[in-house]
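Note: hydrogens, waters and symmetry copies are ignored here, and every other heavy atom, side chains too, is used. We name chains A, B, ... by the order of the sequence lines, and we start the count at 1 in each one.
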Amino acid sequence: MKLFSSNAGYFFKEVKTMIRLNLFSNSLTIFSTGLIFFILAMIISGWWVSSHVVNVVQGEAEINVYLDEEILNNNTGVSQMVESIKGIEGVQAARVVDQDEAYNRMVEILGKEASVLNKFDDNPFSSFVELKIDLQEIDPVLEKLTHMMGVEHVRDNREVLERLRNIAEALRVVGILVVAAVGISTLVIISHIIRLGISNNKEQIYTLRLLGAPELFIAFPFLLEGLLLTIGGGILAVSLATFSISYLYAQMAGPLPFIPLPPLKELVSGMGIVVMSLSAVLGFVGSLLGLVSVRNN
Amino acid sequence: MIKAKGVSLRFPNGTIAINNIDLQVEPGDMVYVTGPSGSGKTSLLKLFMGIEYPTIGSLEVLGQQMDKGQTSRIRQLRTSIGPVFQEFKLIKGRTVAENVMLGMRFLDLSQDQLKENAHDALAKVGLEHKASSLVENLSWGESQRVAIARAVARKPLLILADEPTGNLDKDNAINILELFKSFIDQKTSVIITTHATHLIDAEKHCKLIQMNKGSLSWERLG
């Protein structure tokens, strides 16, 4: 351990020299790993955003139950229906939204365009029962509601949720494939660059062996070089991804304000931590592979 | 320090580099190895460093048996040896001071000791003013002196120098031999191969090994 702590300065200086002596090749390595990690960062961010949207939409999942005209005209009938609905397993809450509340909600949604409602002589909305349900139980709840006497029709946001879920799932699968592809590419690039570095420095390595240097002492600068190159690539990727995500957020804020995006700061910091951790791990493993393959030869 | 009994070194192509030699070097011995090119001088040093292993016979260096199976122990043994290679083996892209310190970084020395040893060694070979120069900017003679400084800065128990005066003028060569001799008082053994027999004619209290076609004969001078 003392070997490393007392030589920390030397190891970093040695890496700096190795990078300087092979600057072009090392710059290309940082650039190529940076681009690979950038793709990964964007996929991770897309996956994150879609999962967040699904969760938010799921959290707001509501079912609206519209009742027959006859029941709506009978206050006791409505109360009885609400009580019956509350009794269904999976229903967490049920309340009546009357015509006025339905109208006011639409005014709120339409905002400046709400004046269009003035064109109606009467309130065009009907009362309905609003349910909050346990999402795990959505299918049996819907099944029971549609077969209930006095229910005209049921409106749920299952279709929207399904689509979002599909997108999130697709991004998850793509994400896993990209992580695998990024992992393999980075390992190949880094182990190759380390092999190249060792080959370029074989005279130096031989001399150090003749002077009695331990293998770890000889290998450590190469490990550190691989680690720093991928971390460099990671920093480049995170910077590019941060810029791109901020730009996309700014573009989406205007035309698509209702999409419940996660907070930008949270997204960027989470993506940064994942990409940087992955780049460090892949850099270390790639360097190790490069060293082992040279040693075996 | 070094004990060789019936040691031979035969290369895979059949060349016999060292032929059945017996040798004993004691602590504080100054040994010159001379002989024509191809007589086995460098091969002898390679055996002492564990770069080559005896094909036949028994060789012990600083108490370590020099066998193929002892690689890690031989690596450890090398930390007690100060080698000066014929082709210097300095590390390019690094300064003179960095090259000298590199030979000591994995020894149990503090940073201050490291710097002090490097500075002293460079002063002894007259190159303290070149400490910050890159080694590729040095002349051959200067490179040779850096290689010597790297070897002696480690304060080794055994110095193995292959033609250390080969690229030096007479004054510098004498200075380097004096430097090596200064280690004898500290019971460090010094083995030097050289063609420059004129430099050792006046030497006293040392051993002279003459090599010819892998065999050796030796005498005590002075």
Side-chain angles (χ1 to χ4, degrees), chain A residues 1-27 29 193-226 228-229 291-292 294-297, chain B residues 45-46 48-52 61-62 64 71-95 97-115 118 134-136 146-147 150-154 156-158 160 162:
Chain A
M1 203 61 205
K2 195 190 166 198
L3 183 73
F4 295 102
S5 57
S6 61
N7 284 307
Y10 158 75
F11 288 133
F12 278 102
K13 202 170 175 188
E14 197 56 16
V15 171
K16 196 176 142 193
T17 307
M18 288 195 300
I19 291 176
R20 179 173 54 81
L21 291 177
N22 226 334
L23 190 61
F24 185 66
S25 161
N26 287 308
S27 304
T29 304
I193 203 83
I194 295 306
R195 282 174 65 99
L196 211 65
I198 289 170
S199 172
N200 289 339
N201 292 286
K202 64 181 174 201
E203 274 298 312
Q204 173 185 341
I205 292 168
Y206 182 58
T207 304
L208 282 167
R209 282 180 174 161
L210 292 181
L211 291 170
E215 281 300 298
L216 259 177
F217 178 88
I218 298 172
F220 196 71
F222 294 102
L223 268 179
L224 200 58
E225 184 192 13
L228 291 180
L229 287 178
L291 286 170
V292 169
V294 172
R295 208 177 148 82
N296 289 343
N297 289 333
Chain B
L45 294 194
K46 283 183 173 175
F48 296 160
M49 279 206 69
I51 300 171
E52 301 287 353
V61 178
L62 297 170
Q64 173 62 50
T71 324
S72 62
R73 286 187 178 183
I74 288 171
R75 182 77 71 88
Q76 181 60 36
L77 162 82
R78 286 176 183 162
T79 59
S80 304
I81 297 175
V84 181
F85 305 101
Q86 209 168 8
E87 66 280 25
F88 319 141
K89 294 198 184 297
L90 298 179
I91 294 166
K92 288 177 185 162
R94 279 76 173 174
T95 64
E98 282 167 350
N99 264 275
V100 176
M101 286 196 284
L102 189 58
M104 297 182 278
R105 289 207 175 270
F106 38 87
L107 307 180
D108 204 11
L109 297 175
S110 69
Q111 290 296 310
D112 289 342
Q113 272 179 299
L114 206 76
K115 285 176 188 165
L134 290 174
V135 290
E136 48 267 48
V146 175
R150 184 177 63 189
V152 300
R154 288 150 63 95
L157 296 173
L158 172 64
L160 298 173
D162 199 2

Below 4.5 Å from any heavy atom of chain A, which atoms of B:I91 appear? Answer side chain, backbone, both or neither.
->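 Interface part for B:I91: side chain.
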
Between chain A and chain B, which N/O donor-acceptor pairs sit under 3.5 Å?
unit_1	atom_1	unit_2	atom_2	d
A:K2	NZ	B:D108	OD1	2.8
A:S6	O	B:Q111	NE2	2.7
A:N7	OD1	B:R105	NH1	3.4
A:N7	ND2	B:R105	O	3.0
A:K13	NZ	B:E98	OE2	2.7
A:E14	OE1	B:R94	NE	3.4
A:E14	OE2	B:R94	NE	3.2
A:E14	OE2	B:R94	NH2	2.5
A:Q204	OE1	B:R94	NH2	3.4
A:R209	O	B:R78	NH1	3.0
A:L211	O	B:R154	NH1	3.1
A:L211	O	B:R154	NH2	2.9
A:A213	O	B:R75	NH1	2.7
A:E215	OE2	B:R75	NH1	2.9
A:E215	OE2	B:R75	NH2	2.6

Chain B contact via A:I205 - which portion, at a heavy-atom distance below 4.5 Å |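 Answer is neither: A:I205 stays 4.5 Å or more from chain B.
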
Please list, chain by chain and in numerical order, all residues satisfying ring-ring contact (aromatic ring centres under 6.0 Å, His included) with A:F11, sequence neighbours excluded.
->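 Expected list: A:F4, A:F217, A:F220.
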
Mind listing the closest non-hydrogen atom pair of A:L211 and B:F106 along with its distance?
->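 Closest approach of A:L211 to B:F106: O-CE1, 3.3 Å.
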
Results of side chain to side chain contact (heavy atoms under 4.5 Å, CB included) for B:A147 - residues two or more places apart only =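 Testing B:A147 for side chain to side chain contact (heavy atoms under 4.5 Å, CB included), a comparison that skips the adjacent residues, returns B:V84, B:F88, B:L90.
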
